[in-house]
*Asks:* 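To start, I am sharing the structure in question, which I have written as structure tokens.
We name chains A, B, ... by the order of the sequence lines, and we start the count at 1 in each one.
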Amino acid sequence: MRLELSSLLKVIGDWISSLGLPVWLVDLIEMCGAAAMVMGMAFLIILFLVWWERKLSGHFQQRLGPMRTGWHGWLQTIADGIKLFQKEDIIPKTVDRKVFYWAPVICFASSFAAFACLPWGKNLWPTDLNIGILYIFAITTFVVISLLMAGWSSNNKYALLGGMRSAAQIVSYEVPLTLSVLGVIVATQSLSMVAIVGAQEKVYNWFIFRQPLGFLIYLIAATAETNRAPFDIPEAEQELVAGFNIEYSGMKFAMFFMAEFLNLFLVSAVAVTLFLGGWHGPFLPSWLWFLLKAFFIVFVIIWFKWTYPRLRVDQLMEFCWKFLLPLAFLNLIVAGFLFR
Amino acid sequence: MADSGTIIRLLVEKFPSQVEAIELNPKQTAVQIDPRIVVAFFEFIKTHPDLKMAYLSSISGVDMTTNIDIVYFLSSIEYKHKLTVRTKVNRKGGKIDTISTVIKGANWFEREIWELFGVEFLGHPNLTQFLLPDDWDEGPPMLRDWTGRNFVKMPEIGG
Amino acid sequence: MREPAAGYSEEFEVNMGPQHPSTHGVLRLLLRMDGEIIKNAEPHVGYLHRAIEKICENRTYPQCIPLLDRFEYVTSMSTEEVFCLAAERIAAIEVPERAEYLRIIMLELDRIASHLIFLGTFSLDLGAITPFLYCIRERETIMDLFEMTCGQRLTYNYIRVGGVSQDIPEQFLPLARKFVDTFQHRVDDYEALLTENPIFLARTKNVGIVNKQVCLDYGASGPVLRAAGVEWDLRRDDPYSIYDRFKFEIPTGTVGDVWDRYMVRVRELRQSNEIVRQALDQLPTGDIKAKMKPLFKPPVGEVYARIENSRGEMGCHIISDGSTKPYRLKLRGGSFCHTQLIPEVAPGIMIADLVAMFASLDVILPEVDR
């Protein structure tokens, strides 16, 4: 029997409407419920990803990673969270307080807001915007503003350099990112995430086979968008001592940290939706398929980080503008012909 | 490759009364020179086709209680021969020309000797605080009779 | 050389260090920058000055050796060797055969350990974090070998005037042979991760070029000089100990960029492995220390001894006045001259390149500061 969460949620939804409350209250309850579920899911994912990255990096480096906090260290993230929570929040005297305060909030909020649009399984999406993918790219651009805010308000040369580098990088890599996705949109004639998944029912319809170049460009540009190696110049420890978040400590640092992992999952989930058939798959429940595919892409991106050295800032820019961008245009033209 | 005797002969011929060979234990090619010709001397041994000693290994200062000795060690990459050059300067207020115009690598060696022994190198581009703390006020510490605030002499062992 | 973009831009000064993850010690680099491009880099050293030379004037010769271990702690064996070589030359002491072979084995293992640290920290500075842990894994075996011989993992106090302090235990030879046999494959592993990687090549080729003339002017030595194309190795060109009994090549580079310095050291890893293998094969039996009086009192003399360290030329100038303590002890490490290269090479490059270049020079600050 297929365990479908959507039927369970439908039952709950019907029960709430049968209580005889005013319509706006029912809507409010349903929206809050959905938001709470997505929030819960987001935190669970962060919990899992932090632990998983540490275990994976450990095994790549011939060591074990966390082992003592729970079975194979699965409680490590909770331990880290508790530690960061009770750390003293050091705010240097010379920072611009309001901007300093709001930067991590905006970073976290913008990454999190994009989760509203992801199709988690069959009939399991918080909302089906008909401009879904455009909304996701637009809202994650706020991350750039928050990084610039962090770099500028810290009143620190290293932070400023880090913030500027990261802003330049993210803004540049958005162009090939969007172009690579346009190929898929041309094929499905729709910006809605649900419709895109719907167009990939059969395995041979998956866009990774119909648009392989687009997938590769997307993967590379997405790694750059999330500031991960080999594009992690803004956080290059060895050069700028943590770049834009040099002056952040305690809970604020934790928010940047969580936002990075949310972003990581987000780009993987979008890759799955656009190229790997979303939640389609035999035997297992649809939400399980979605999660498995998303975590596979996350694994690949983590693998990149622990294998490759880091590109220099100007090489990064050259790579984006002189190599990825022409390729993305080429891909778009070919897609236009193929899917006309 | 010039052997020890040839090297010394060439040097003594060029600077007749200002360079003399000295004997050291263990045997090595060593000369003592007058401090006033130091720049011309290093120019000569760097450019002479049979010597070509442009590779400076080290410059040490030695406090010989009556004066300060400055010892240069050079070798040649092409010919693989070596030379030890000694010269004397005054203990208090000693001055000698810098050779960093001839051999750039002498820069930091001379800076260290200036700081630790108090020898001034005329014409040096950068005689500034090097190894010692910025607020050092106890005089050149490597002199044998220096007694700083925390200096403790170890007890003698044996003879 | 890069020119900054036209238009108004302000130069600013950035302090890199003294606490910084990639300055390999406590070095303060005062950078004057225009955006990402460095106009001037001034090294400020002296944070690790411990007055070792002054202290050694007040210690007997055997008492100096543990102190000299701390002079250059990554390759303590070579510091002890150069000091003992100088003292033995003054006193005209003949070191027994077995002691010479043991010294060579320890020195070359030390060189391998030092180059592994270089490899690890160099790739760490470039962002590839994994090779560091692989290199540390190999180094653990070498540390085990040292620990079973002299009891220490880092500052050995092993090589003494006239020989070595202890003989190797029986577990040493099998473990050393096993290490020597597997090490070639491990070096292949590291090369597979880095040498052909396009990102690595883009970060290291034609970056931070120190050409032959600059090297010779500043007295650069070791891998830095060899990477610039000069085939100068003190083990062959100013022979000491029994290196003439071993066959090994001297790897050189061509241009003197970061990649050349990296490749020279990787090839030296293989060559040192060969030397250890040959020494293990030829190891004779015999004394491990020359017959000497209990209190070492060399005659009056002065000598400058130099050996080929993993960083370059390590020199020790000893003046003896006939007593049990050296009258003057001056040490010179390769890093002293290499740190001088920074103001020469830095102008016009970007900060990421400076990090790569400085990592490739393999500078250890205690050598500079003493």
*Asks:* With a 4.5 angstrom heavy-atom cut-off, could you sort out which part of C:I319 is near chain B: side chain, backbone, both or neither?
*Replies:* side chain
*Asks:* Above 12 or not: heavy atoms from other molecules or residues under 6.0 Å from CD of B:E13?
*Replies:* yes
*Asks:* With a sphere of 6.0 Å drawn around NZ of B:K46, does it hold more than 12 non-hydrogen atoms of other residues, nucleotides or ligands?
*Replies:* yes
*Asks:* Return the minimal non-hydrogen interatomic distance between C:Q340 and B:G105, and the atom names on each side.
*Replies:* NE2-O, 3.3 Å
*Asks:* Can C:C337 and B:F109 be said to form a side-chain contact (heavy atoms from CB on, under 4.5 Å), step by step?
*Replies:* CA-CA 9 Å; C:C337 302; B:F109 288 112; 4.0 Å; yes
*Asks:* I need the B:Y55 OH to C:S221 OG distance, nearest 0.5 Å.
*Replies:* 4.0 Å
*Asks:* Under 6.0 Å from the ring centre and within 45 degrees of the ring axis: does the NZ or CZ of B:R144 meet both conditions for the six-membered ring of C:Y327?
*Replies:* yes
*Asks:* Determine the minimum heavy-atom distance between B:I103 and C:D217, stating which atoms define it.
*Replies:* CG2-O, 3.7 Å
*Asks:* With rounding to the nearest 0.5 Å, note down the distance linking CG in B:L56 to OH in C:Y218.
*Replies:* 12.5 Å
*Asks:* For atom CD of C:E13, is the number of surrounding heavy atoms from other residues, nucleotides or ligands below 6.0 Å larger than 12?
*Replies:* yes
*Asks:* Within this structure, what is the NZ-CD distance for the pair B:K104 and C:Q213, rounded to the nearest 0.5 Å?
*Replies:* 8.0 Å
*Asks:* Sort C:K330 into side chain, backbone, both or neither according to what part of it lies under 4.5 angstrom from a heavy atom of chain B.
*Replies:* side chain
*Asks:* Under a 4.5 Å heavy-atom cutoff, which of C:A220, C:S320, C:A91 has the most pairs with chain B?
*Replies:* C:A220
*Asks:* Rounded to the nearest 0.5 Å, what separation is found between the OG atom of B:S60 and the CZ atom of C:R328?
*Replies:* 6.0 Å
*Asks:* Heavy-atom distances under 4.5 Å only: say whether C:V300 touches chain B with side chain, backbone, both or neither.
*Replies:* backbone
*Asks:* Please state whether the side chain, the backbone, both or neither of C:T339 comes within less than 4.5 Å of a heavy atom of chain B.
*Replies:* both
*Asks:* For the candidates C:H49, C:R89, C:H317, which exhibits the highest count of non-hydrogen atom pairs separated by less than 4.5 Å from chain B?
*Replies:* C:H317
*Asks:* Tell me whether B:R36 at atom CZ has more than 12 heavy atoms from other residues, nucleotides or ligands lying less than 6.0 Å away.
*Replies:* no
*Asks:* Identify which part of B:P141 has an atom lying under 4.5 Å from any heavy atom of chain C, answering side chain, backbone, both or neither.
*Replies:* backbone
*Asks:* Side chain, backbone, both or neither: which part of C:A51 has a non-hydrogen atom closer than 4.5 Å to chain B?
*Replies:* neither
*Asks:* For the candidates B:S100, B:A106, B:S57, B:S75, which exhibits the highest count of non-hydrogen atom pairs separated by less than 4.5 Å from chain C?
*Replies:* B:S57
*Asks:* Using non-hydrogen atoms only, which part of C:E344 is less than 4.5 Å away from chain B: side chain, backbone, both, or neither?
*Replies:* side chain
*Asks:* For chain B, which residues of residues 301-310 of chain C have at least one non-hydrogen atom nearer than 4.5 Å to it?
*Replies:* C:G301, C:E302, C:V303, C:Y304, C:R306
*Asks:* Under a 4.0 Å N-O cut-off, is there an ion pair linking B:K82 with C:D238?
*Replies:* yes
*Asks:* Name the region of C:L48, side chain, backbone, both or neither, that has any atom closer than 4.5 Å to a heavy atom of chain B.
*Replies:* neither
*Asks:* Side chain, backbone, both or neither: which part of B:R86 has a non-hydrogen atom closer than 4.5 Å to chain C?
*Replies:* side chain
*Asks:* How many angstroms lie between CG in C:D369 and CZ in B:F130, if you round to the nearest 0.5 Å?
*Replies:* 7.5 Å
*Asks:* What's the shortest heavy-atom distance between C:K54 and B:L143, and which atoms?
*Replies:* NZ-O, 2.9 Å
*Asks:* May I ask you to name which of B:D134, B:N107, B:I77 has the most heavy-atom pairs under 4.5 Å with chain C?
*Replies:* B:I77
*Asks:* Just to be sure I understand the criterion: a residue of residues 17-26 of chain B counts if one of its heavy atoms is under 4.5 Å from a heavy atom of chain C. Which ones qualify?
*Replies:* B:L24, B:N25, B:P26
*Asks:* Considering only heavy atoms, give the residues of residues 61-74 of chain B separated from chain C by less than 4.5 Å, sorted numerically, with 'none' for an empty result.
*Replies:* B:G61, B:V62, B:D63, B:M64, B:T65, B:V71, B:F73
*Asks:* Show your working on salt bridge (charged side-chain N to carboxylate O under 4.0 Å, His left out) between C:R332 and B:E112 and close with a plain yes or no.
*Replies:* CA-CA 12 Å; C:R332 174 258 203 236; B:E112 183 191 337; over 6 Å; no
*Asks:* How far does CG of B:L116 sit from CZ of C:R370, to the nearest 0.5 angstrom?
*Replies:* 8.0 Å
*Asks:* In terms of heavy-atom proximity below 4.5 Å to chain B, should C:Y47 be classed as side chain, backbone, both, or neither?
*Replies:* neither
*Asks:* Residues in side chain to side chain contact (heavy atoms under 4.5 Å, CB included) with C:V345, at least two apart?
*Replies:* C:V210, C:M357
